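Report on one structure; see the data block that follows.
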Amino acid sequence: RGGAEEAAGLRGMDKGRSSGIMLPMRLIPLLAMLGSMLVAHAKYADEDSHWQKAYPAAPAGQKRVVIHLETQPDESAWKIEVSVGKVMETDGVNHLGGGAKIEEKTVQGWGYTYFEAKAQGGMFTTLIGVPPGQPKVTRFVTMAETGPVRYNSRLPVIVYVPEDMEVRYRLWKAEPE
């Protein structure tokens with residue numbers, strides 16, 4: 001064998017023995033896996049995260065709700081629907097809703113989208129007669145919805161809402177026939 005093979009650490013490869021250079025090669029998959037775990041963990045940390053630089057802070061009287069979506073194999077088959085509302089005591093018979101509006105906005109200079117919910121007008125209710133003795137029911141009353149929007153796990157879904165409102169969301173997936 002030539003001296004070039006020995007200098008490159010290839011000595012003994014044909015006999016199934018590993019040389020000193022093979023030990024680091026075996027560690028590469030392990031190091032790559034550990035590195036990806038650290039990146040995945042840092043990706044979803046809200047403190048000191050890169051996404052916070054792009055989105056404005058919540059104005060007075062509002063809060064910023066951040067939804068981190070999990071990575072999916074085929075994200076084009078997924079949609080997210082955001083709902084804004086309040087948990088209220090209702091009569092359990094009539095349906096309530098309205099009272100807010102959600103607008104999709106773009107962060108200037110970044111191109112990222114976010115949603116801003118604002119209370120507006122009054123709520124609507126159906127006028128079904130309530131039977132005597134009907135117990136009150138506490139439930140989430142949807143005041144506004146976005147409708148299905150694009151699923152993108154690389155960016156968080158940001159929703160600004162009044163402090164007295166909640167944000168809930170549904171995930172939709174198109175299944176193959």
Side-chain angles (χ1 to χ4, degrees), residues 37-176:
M37 286 173 30
L38 291 173
V39 169
H41 177 69
K43 178 178 170 184
Y44 296 105
D46 286 346
E47 295 81 31
D48 300 324
S49 182
H50 68 281
W51 66 264
Q52 284 190 335
K53 295 175 187 170
Y55 295 96
Q62 290 197 337
K63 62 183 175 184
R64 178 172 62 191
V65 178
V66 180
I67 303 168
H68 293 285
L69 301 173
E70 293 183 19
T71 303
Q72 301 295 336
D74 180 14
E75 292 189 359
S76 65
W78 290 78
K79 299 283 184 191
I80 181 170
E81 179 182 15
V82 177
S83 299
V84 174
K86 293 181 182 180
V87 175
M88 307 173 102
E89 191 173 271
T90 67
D91 58 25
V93 176
N94 287 292
H95 299 280
L96 298 147
K101 180 180 178 183
I102 298 178
E103 294 180 7
E104 185 174 355
K105 297 188 173 186
T106 303
V107 180
Q108 295 299 321
W110 292 80
Y112 300 150
T113 59
Y114 64 93
F115 299 98
E116 185 174 3
K118 293 183 179 179
Q120 78 174 39
M123 293 182 58
F124 68 81
T125 182
T126 56
L127 298 174
I128 300 171
V130 180
Q134 176 75 24
K136 298 285 184 183
V137 178
T138 302
R139 63 174 54 150
F140 180 77
V141 176
T142 301
M143 301 175 130
E145 295 178 313
T146 61
V149 295
R150 182 175 169 239
Y151 188 103
N152 183 0
S153 64
R154 291 178 300 241
L155 293 173
V157 177
I158 309 292
V159 185
Y160 296 92
V161 294
E163 289 182 356
D164 63 340
M165 290 188 183
E166 290 184 25
V167 175
R168 296 192 180 180
Y169 65 98
R170 292 185 192 133
L171 298 177
W172 298 92
K173 181 181 181 200
E175 295 288 340

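All values reported here derive from a predicted model rather than from experimental measurement. Computation of the quantities below employed the complete heavy-atom set of this structure, encompassing side-chain atoms and omitting hydrogens, waters and symmetry-equivalent molecules.
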By salt bridge (charged side-chain N to carboxylate O under 4.0 Å, His left out), K101 pairs with (sequence neighbours left out) E103

Residues pairing under ring-ring contact (aromatic ring centres under 6.0 Å, His included) where one sits in residues 121-150, two or more places apart or in two chains, turn out to be none

For R150, the salt bridge (charged side-chain N to carboxylate O under 4.0 Å, His left out) test, sequence neighbours excluded, returns none

Discussion item. Contact between E75 and S153 at the side-chain level, heavy atoms closer than 4.5 Å - yes or no?
Written reply: yes

Hits for side chain to side chain donor-acceptor pair (under 3.5 Å) against R139, two or more places apart or cross-chain, chain-then-number order -> none

The ring-ring contact (aromatic ring centres under 6.0 Å, His included) partners of W110 (sequence neighbours excluded) come to Y112

Those residues at least two apart in sequence (or on a different chain) that pass side chain to side chain donor-acceptor pair (under 3.5 Å) with T126 are N94

Residue set satisfying side chain to side chain donor-acceptor pair (under 3.5 Å) with Q134, at least two apart, ordered chain then number -> none

Applied to residues 76-87, the salt bridge (charged side-chain N to carboxylate O under 4.0 Å, His left out) test, sequence neighbours excluded, yields E81-R170, K86-D164

The side-chain contact (heavy atoms from CB on, under 4.5 Å) partners of A119 (sequence neighbours excluded) come to M165

Here the ring-ring contact (aromatic ring centres under 6.0 Å, His included) pairs for residues 78-108, sequence neighbours left out, are W78-Y151

With V167 as partner, the option from V157, V82, I102 fulfilling side chain to side chain contact (heavy atoms under 4.5 Å, CB included) is V82

Applying ring-ring contact (aromatic ring centres under 6.0 Å, His included) to Y114 and not counting sequence neighbours gives Y160

Across all chains, not counting sequence neighbours, the side chain to side chain donor-acceptor pair (under 3.5 Å) partners of T106 are none

